[in-house]
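Residue indices begin at 1 and follow the sequence shown.
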Amino acid sequence: MLKNPDSFRRIVAGIALLAWPVLEFLAFLTSPPSATHAPAVFRAHPDLVQVSGLLFLWATLSLIPVVLALAHLLRRGAPVAGNVGAALGLLGTGHALTLFTTDFYDLALAQTLPDARAELVTARTGELWGFLYGMLLPGFLSHVGLFVLLIGLLRAGIVPWWVPVAALAGTLTPFLTQDRVPAVQALGALFHLAAYGWIALRVLRASDGAWRAGLTAPPASPV
């Protein structure tokens, strides 16, 4: 397989498309059981904070091959959407990777400073323009890039209409339920698993030739 670049990249793409929502689900599920990141919560669950932080990091890392794979699928049917989506997705993912180190700093603050002072330091960090505009907000471009790619796949007839809808629901769920416990927020990853898992199965079942050319619309179901 390592000697066949088409086979290797196709299999890596399929695995990444499955790994990203699974890791996301596990990251939320292992988060401290609270709707807040208060120092007392972090101090009471130090292992969960670290496990969850690493899982979020690995989930975001897996987005890199996901973005590249989706852009590759559009190389013939919608190259402009593929290029724009890939640029936004990779830029956003690169910034998002930096954000998950903050859980480890928040844990260290909770373990070494009084709660009020730890919260003050965390709040001050969020006010720094370099963090806010140089790291936090650009990280959201990953969602924009993925949605551009999925819309391109829809317009090219490669995915059905419900795939980008499910992916969007998966992205919005954690934000709409951010005042709930992480187990509720984890439901968004199941929408992602449905959407990206469908694409993953198409990629894994495709021939190397079909992958090389970019997937076409699936055959119509017999009536």
Side-chain angles (χ1 to χ4, degrees), residues 1-27 54-101 135 137-160 162-171 188-189 191-218:
M1 184 181 71
L2 291 176
K3 294 182 178 180
N4 185 336
D6 293 316
S7 180
F8 178 77
R9 293 168 188 172
R10 178 178 59 81
I11 292 173
V12 169
I15 292 174
L17 284 160
L18 291 171
W20 132 244
V22 170
L23 289 170
E24 181 193 25
F25 178 77
L26 294 175
L54 288 173
L55 286 169
F56 273 121
L57 178 67
W58 295 336
T60 307
L61 273 174
S62 68
L63 276 179
I64 295 175
V66 165
V67 169
L68 293 174
L70 297 183
H72 173 83
L73 297 179
L74 292 171
R75 60 184 299 182
R76 299 287 177 86
V80 174
N83 292 335
V84 172
L88 293 174
L90 292 176
L91 182 63
T93 301
H95 283 85
L97 283 170
T98 67
L99 300 177
F100 296 109
T101 60
M135 295 171 63
L137 294 180
F140 288 99
L141 289 175
S142 59
H143 301 304
V144 178
L146 285 169
F147 196 65
V148 170
L149 291 168
L150 291 172
I151 292 299
L153 291 171
L154 175 63
R155 291 178 62 86
I158 297 174
V159 301
W162 64 265
V163 167
V165 172
L168 181 61
T171 298
F191 287 106
H192 279 159
L193 182 59
Y196 293 99
W198 189 93
I199 302 173
L201 292 178
R202 280 215 66 196
V203 168
L204 292 172
R205 291 170 177 170
S207 66
D208 291 341
W211 164 258
R212 188 185 311 115
L215 297 183
T216 57

Quiz item: How many angstroms lie between CZ in Arg212 and CG in Asp208, if you round to the nearest 0.5 Å?
Solution: 6.5 Å

Practice problem: Look at the aromatic rings of Tyr196 and His192 and report parallel, tilted or perpendicular, splitting at 30° and 60°. | Solution: perpendicular

Practice problem: Indicate yes or no for a side-chain donor-acceptor contact from Ser7 to the backbone of Asn4 under 3.5 Å, with no hydrogens or angles considered. | Solution: no

Practice problem: With rounding to the nearest 0.5 Å, note down the distance linking CG in Leu26 to CG in Leu54. | Solution: 12.5 Å

Quiz item: Would a 4.5 Å heavy-atom cut-off, applied to side chains only, mark Leu90 and Leu68 as touching?
Solution: yes

Quiz item: Could you go step by step and tell me if Leu153 and Ile199 meet the side-chain contact (heavy atoms from CB on, under 4.5 Å) rule?
Solution: CA-CA 10 Å; Leu153 291 171; Ile199 302 173; 4.2 Å; yes

Quiz prompt | pair Leu63-Leu146: side-chain heavy atoms closer than 4.5 Å | solution = yes

Quiz item: Quick one: does Arg205's side chain have a donor or acceptor within less than 3.5 Å of a partner on Ala200's backbone?
Solution: no

Quiz item: From Leu61 CG over to Leu23 CG, what is the distance, rounded to the nearest 0.5 angstrom?
Solution: 9.5 Å

Quiz item: Would you say the side-chain atoms of Thr171 pair up with the backbone N or O of Ala167, donor to acceptor, closer than 3.5 Å?
Solution: yes

Quiz item: With a cut-off of 6.0 Å (strictly less than), are more than 12 heavy atoms of other residues, nucleotides or ligands near CZ of Phe56?
Solution: yes

Quiz item: Does a side-chain heavy-atom distance below 4.5 Å link Phe147 with Leu168?
Solution: yes

Quiz item: Do the side chains of Val80 and Leu74 get nearer than 4.5 Å, heavy atoms only?
Solution: no

Quiz prompt | Which atom of Pro65 lies closest to which atom of Val12, heavy atoms considered | solution = CB-CG1, 4.4 Å

Quiz item: Of the non-hydrogen atoms in Gly152 and Ala78, which two are nearest, and what is the gap between them?
Solution: O-CB, 4.3 Å

Quiz item: Any donor-acceptor pair under 3.5 Å linking the side chain of His72 with the backbone of Trp211?
Solution: yes

Self-check item: Side chain proximity check, Arg202 to Ile158, heavy atoms < 4.5 angstrom
Solution: yes

Practice problem: Determine the minimum heavy-atom distance between Leu154 and Pro164, stating which atoms define it. | Solution: CD2-CG, 4.0 Å

Quiz item: Strictly by modelled atom types, are His95 and Ser142 linked by a side-chain donor-acceptor pair under 3.5 Å?
Solution: no

Quiz prompt | Minimal non-hydrogen separation, Ala86 against Ala71, with atom names | solution = CB-CB, 3.8 Å

Quiz item: Do the non-hydrogen side-chain atoms of Val66 and Thr93 ever get within less than 4.5 Å of each other?
Solution: no

Practice problem: Would you mind reporting whether Leu97 and Leu57 have side-chain heavy atoms less than 4.5 Å apart? | Solution: yes

Self-check item: Side chains of Leu204 and Leu18 in contact at under 4.5 Å (non-hydrogen atoms)
Solution: yes

Quiz prompt | Heavy atoms of other groups near Arg75 CZ, more than 12 under 6.0 Å | solution = yes

Quiz prompt | Reported OG1-to-CG distance for the pair Thr101 and Leu99, which is rounded to 0.5 angstrom | solution = 7.5 Å

Quiz item: Just how far is it from atom CG of Leu73 to atom CZ of Arg10, taken to the nearest 0.5 Å?
Solution: 11.5 Å

Quiz item: If you look at every heavy atom in Ala59 and Trp20, which pair is closest and at what distance?
Solution: O-CE3, 3.9 Å

